[in-house]
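To find a chain, count down the sequence lines: A is the first, B the second, and so on, and within it residues start at 1.
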Amino acid sequence: MVFVKTHDISELTSELIGKEVVLGGWIEDLRKLGKMSFITLRDVSGISQVIVKGELNDNLGEINRQSVVSVKGIVQETKARDFAFEIKAEEIDVLGKAIHPLPVDPIGRVESNIDTRLNHRALDMRNQKTASIFKLRHHVLQSLRKTLAEKKFIEITTPKIIGSASEGGANLFSLEYFGKKAYLAQSPQLYKEQMTIGLERVFEISNFYRAENSHTGRHLSEFTSIDIEAAFMDYNDVMDVLESLVMDVYKFTAENCKKEQEVIGHTIEVPKSPFEKVTYNQCIDELKSAGEKIEFGDDLLDSHLRIIGDNHPGFFFLTDWPMKLKPFYIREKDEDPELSRSFDLQYGYLELSSGGTRLHNPEMLKARLKEQDLDPAQFTDHLKAFDWGMPPHSGWGMGLDRLMTTLIGIDNVREVVLYPRDPDRLSP
RNA sequence: GGGGUAGUAGUUCAGUUGGUUAGAACGCCGGCCUGUCAAGCCGGAGGUCGCGGGUUCGAGUCCCGUCUAUCCCGCCA
């Protein structure tokens, strides 16, 4: 069967009354009233009512909810309460049957558990709430790319299969690569830094991998990261970039995704700018006042971040971390070498982003590697670039999935990832 | 990795101190119905009560083990 849609459902208007249209979509609801039937037909753009009468109704045959059909018919006035007009069907073809019982209810009258929905994710995408989340995610990505391009960042794609697991920090997944051991990249960190020597400002939006056995609503083994790296910028400059990106995402989606917000049942509220900047030292003071036993140099536990998050609701930067808590590539502050030019972007207790000014002096970088018990020999390829005119540079990485959860006010990243991967879930 | 909670129909759930043939809602199938719109009315199908042991005259219910999910903590970003 070959057919051409003349309209998406959202393109139908009362002005088309009397005109013939061809639609394609899924039967969301079906009410047979003997000599006539009502079909609510949904495509990605919207929903409309189709009415079937006469001979066509008598020969309707096998037709059921969630099957995909093409409908040829005439737009006409309606008595329906929920629609401004309707389609009087002249021809209905079933293009693909839905076999019942279906494992989840796409209309959402009975809401399924996240586990059941994830096991049948494609069908879950006919649930308007789920679909709206991923439409929103699409708009977030659009907004990010637009803003970064305007700020003269060039989009790059770095390898996800890497030969050395030496960046430190998170555990990496390893795999067999033609007889050699390879790893899945945990971040584009080293590559994006290298790119600043020719492209100056780069960004990447890609999936990265962490082999941490984490069971929380904010950790996944595979997650989407937004990364930037910019030559001739200090950490304050890239904080500004980050802040305007977040602001733009909120403004853009608040403005352009009204329908999605309505379906999700959450109103996007544009945060106040500028974001507050709270230093690590200030956090330590706040935690001490709250009765926590903590000293300079201690890492902030989740329980600590909950306290800090309560003191500073919404977005804020947590800046100037001790050098000893930061990776080897982070640069110290000239006036206080114990402190680093670094920051996290927090949303309450939730860490969204981490970044800072990088070391660009190769000798200092090698010294820092040794300090952190890493072997400079493992970084030969990376360090080469630092002898070719490495500019001072800064950057950050931000978890897109976590950003999404702040945007729609939910607390589980699995809701905003199509097919989440965690220690217990590898399929579908 | 540690702890809490849960697992009963396709889905979401109820199921009393252990006691007849395990129920509801939505969905599904069949019948009636020319204005439905969470349609209505009538009828029907659908269950290895996660799995394996045990206690008992008798287990969805109690005990042990195991698997799975989920939430929290830890790790981590």
Side-chain angles (χ1 to χ4, degrees), chain A residues 28-41 47-54 56-58 62 64-66 76-84 86 88 98-120 123-124 127 167-172 185-189 208-227 299-306 318 321 325-327 342 344-347 349-355 396-403 411-415 420 422-425:
Chain A
E28 179 162 300
D29 211 349
L30 177 63
R31 287 181 287 275
K32 292 185 179 178
L33 271 71
K35 294 248 163 42
M36 66 192 297
S37 301
F38 295 93
I39 294 170
T40 46
L41 185 73
I47 190 162
S48 189
Q49 172 164 284
V50 175
I51 182 167
V52 191
K53 289 183 175 180
L56 185 60
N57 187 64
D58 298 337
E62 265 193 63
N64 58 9
R65 284 178 173 86
Q66 297 302 329
Q76 67 176 24
E77 305 270 0
T78 186
K79 294 173 190 166
R81 188 182 65 217
D82 299 342
F83 299 94
E86 67 192 12
K88 174 135 191 283
I99 309 295
H100 289 262
L102 296 167
V104 295
D105 168 27
I107 302 179
R109 283 178 191 164
V110 179
E111 205 165 316
S112 296
N113 298 319
I114 180 81
D115 180 52
T116 310
R117 292 194 289 115
L118 290 176
N119 283 336
H120 311 93
L123 186 56
D124 185 38
N127 182 311
E167 196 185 321
N171 292 312
L172 303 198
Q186 61 163 311
S187 91
Q189 184 61 35
F208 292 94
Y209 304 88
R210 308 268 165 101
E212 300 293 336
N213 196 4
S214 298
H215 296 89
T216 77
R218 56 193 181 280
H219 292 86
L220 292 175
S221 310
E222 179 178 50
F223 68 102
T224 305
S225 180
I226 310 147
D227 277 89
D299 206 352
L300 301 185
L301 300 175
D302 202 64
S303 54
H304 296 140
L305 288 172
R306 301 239 173 209
L318 210 166
W321 291 71
L325 292 179
K326 284 291 157 182
S342 68
D344 284 0
L345 176 63
Q346 296 287 134
Y347 181 79
Y349 77 92
L350 182 67
E351 181 188 335
L352 288 178
S353 170
S354 196
W396 46 255
M398 173 163 62
L400 173 67
D401 313 313
R402 287 186 179 183
L403 179 67
D411 54 10
N412 192 334
V413 286
R414 286 160 188 79
E415 294 281 357
D422 65 35
D424 296 318
R425 180 178 287 280

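- In this structure, A/Ile107 reaches neither bases nor backbone, as no heavy-atom distance under 4.0 Å exists between it and the strands shown.
- Rounded to whole Å, atom P of B/G35 lies 14 Å from atom CD of A/Gln76.
- Rounded to a whole Å, the CD atom of A/Gln66 is 18 Å from the P atom of B/C26.
- Taking atom P in both B/C42 and B/C49, one finds a spacing of 31 Å when rounded to whole Å.
- At the heavy-atom level, A/Arg402 lies under 4.0 Å from base atoms of the strands shown.
- At a threshold of 4.0 angstrom between heavy atoms, the contacts of A/Phe208 with the nucleic acid are absent.
- Here A/Asn113 reaches the OP1 or OP2 of B/U12: one of its side-chain N or O atoms lies under 4.0 Å away.
- Here the nucleotide nearest the side chain of A/Glu86, chosen from B/G35, B/C28, B/A77, is B/G35.
- A/Asp29 comes within 4.0 angstrom of sugar-phosphate atoms only, judged by non-hydrogen atoms across all strands, and of no base.
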Kindly indicate, with the supporting measurements, whether the criterion salt bridge (charged side-chain N to carboxylate O under 4.0 Å, His left out) is fulfilled by A/Arg425 and A/Asp115. CA-CA 10 Å; A/Arg425 180 178 287 280; A/Asp115 180 52; 2.5 Å; yes
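- The side chain to side chain contact (heavy atoms under 4.5 Å, CB included) test with A/Arg402 is passed by exactly one of A/Leu345, A/Leu220, A/Leu350, A/Thr224: A/Leu350.
- Separating the CG atom of A/Asp227 from the P atom of B/A77 is a distance of 13 Å, rounded to the nearest angstrom.
- Nucleotides of RNA chain B nearest to A/Ala80 and A/His120 differ in position, and the one nearer the 5' end is that of A/His120.
- Within 4.0 Å of A/Leu33, counting heavy atoms only, lies at least one base atom of the nucleic acid.
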Take A/Arg31 and A/Asp29, measure what salt bridge (charged side-chain N to carboxylate O under 4.0 Å, His left out) needs, and give me the verdict at the end. CA-CA 7 Å; A/Arg31 287 181 287 275; A/Asp29 211 349; 3.1 Å; yes
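- When heavy atoms are screened at a 4.0 angstrom cut-off, A/Glu77 is found touching no nucleic acid atom at all.
- A donor and an acceptor atom never sit less than 3.5 Å apart when one is taken from the side chain of A/Glu212 and the other from the base of B/G1.
- We find that CG of A/Leu305 is positioned 13 Å from P of B/A77, with the value rounded to whole Å.
- Rounded to whole angstrom, the span from the CD atom of A/Glu28 across to the C1' atom of B/C26 amounts to 15 Å.
- Taking atom P in both B/A69 and B/C28, one finds a spacing of 30 Å when rounded to whole Å.
- When each of A/Thr116 and A/Gly54 is assigned the nucleotide of RNA chain B with its nearest heavy atom, A/Thr116 is the one assigned upstream, toward the 5' end.
- Judged by distance alone, with hydrogens and angles left aside, A/Lys53 brings a side-chain donor or acceptor within reach of the base of B/G35, the pair sitting under 3.5 Å.
- In this structure, CG of A/Leu172 is placed 13 Å from C1' of B/A77, rounded to the nearest angstrom.
- You won't find any donor-acceptor pair under 3.5 Å spanning the side chain of A/Ser214 and the base of B/C76, going by distance alone.
- Counting heavy atoms from C-beta on, the side chains of A/Phe223 and A/Arg218 never come closer than 4.5 Å.
- Not a single donor-acceptor pair, N or O on each side, falls under 3.5 Å between the base of B/U11 and the side chain of A/Glu111.
- For the P atom pair drawn from B/A6 and B/U16, the interatomic distance equals 14 Å after rounding to whole Å.
- With a 3.5 Å limit on both pairing distances and Watson-Crick or G-U wobble geometry required, the stems of 3 or more pairs in RNA chain B span B:1-7 with B:67-73, B:10-13 with B:23-26, B:28-32 with B:40-44, B:50-54 with B:62-66.
- Counting to the nearest Å, the P atom of B/U36 and the NZ atom of A/Lys88 are 18 Å from each other.
- Among the heavy atoms of the strands lying under 4.0 Å from A/Leu220 is at least one base atom, whether or not backbone atoms are also near.
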Please report the C-alpha distance between A/Glu415 and A/Arg117 in whole Å, then the side-chain angles of each, then the deciding distance to 0.1 Å, and finally whether the salt bridge (charged side-chain N to carboxylate O under 4.0 Å, His left out) criterion is met. CA-CA 10 Å; A/Glu415 294 281 357; A/Arg117 292 194 289 115; 2.9 Å; yes
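- Side chain to side chain, A/Asp422 and A/Ser221 fail the donor-acceptor criterion of an N or O pair below 3.5 Å.
- Comparing the P positions of B/G58 and B/U68 gives a spacing of 32 Å, expressed to the nearest Å.
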Quick test: give all pairs of protein nitrogen or oxygen and nucleotides 68-72 of chain B nitrogen or oxygen below 3.5 Å, distance rounded to 0.1 Å.
from: B/A69; atom 1: OP1; to: A/Asp424; atom 2: O; distance (Å): 3.2
from: B/A69; atom 1: O3'; to: A/Asp115; atom 2: OD1; distance (Å): 3.4
from: B/C71; atom 1: OP1; to: A/Asn412; atom 2: ND2; distance (Å): 2.5
from: B/C72; atom 1: N4; to: A/His215; atom 2: O; distance (Å): 3.4

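- Note on A/His100: only backbone sugar-phosphate atoms sit closer than 4.0 angstrom, heavy atoms only; bases stay farther off.
- Inter-residue side-chain proximity for A/Glu212 and A/His219 is flagged as unmet; no heavy-atom pair is nearer than 4.5 Å.
- If you check the side chains of A/His304 and A/Asp299, you find no donor sitting under 3.5 Å from an acceptor.
- For B/U36, the OP1/OP2 oxygens have no side-chain nitrogen or oxygen of A/Arg81 closer than 4.0 Å.
- Comparing the P positions of B/G53 and B/U61 gives a spacing of 14 Å, expressed to the nearest Å.
- Closest to the side chain of A/Arg109, from the set B/U36, B/A38, B/G10, is B/A38.
- Between the P atom of B/A38 and the CG atom of A/Asp82 lies a distance of 6 Å, rounded to the nearest Å.
- Distance check on atom P: B/A25 versus B/G3 gives 41 Å, rounded to whole Å.
- For the C1' atoms, the distance from B/A9 to B/U56 is 29 Å, rounded to whole Å.
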Could you go through the side chain to side chain contact (heavy atoms under 4.5 Å, CB included) check for A/Leu30 and A/Glu28 one step at a time? CA-CA 7 Å; A/Leu30 177 63; A/Glu28 179 162 300; over 6 Å; no
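- Residues A/Asp82 and A/Gln49 are not in side-chain contact: their nearest non-hydrogen atoms beyond the backbone lie 4.5 Å or more apart.
- Separation of the P atoms belonging to B/U70 and B/U11 is 15 Å when rounded to the nearest angstrom.
- When all heavy atoms are compared, the tightest approach of A/Thr78 to A/Ala84 is CG2-C, 3.6 Å.
- Here the side chains of A/Leu403 and A/Tyr347 are not in contact, with every heavy-atom distance at 4.5 Å or above.
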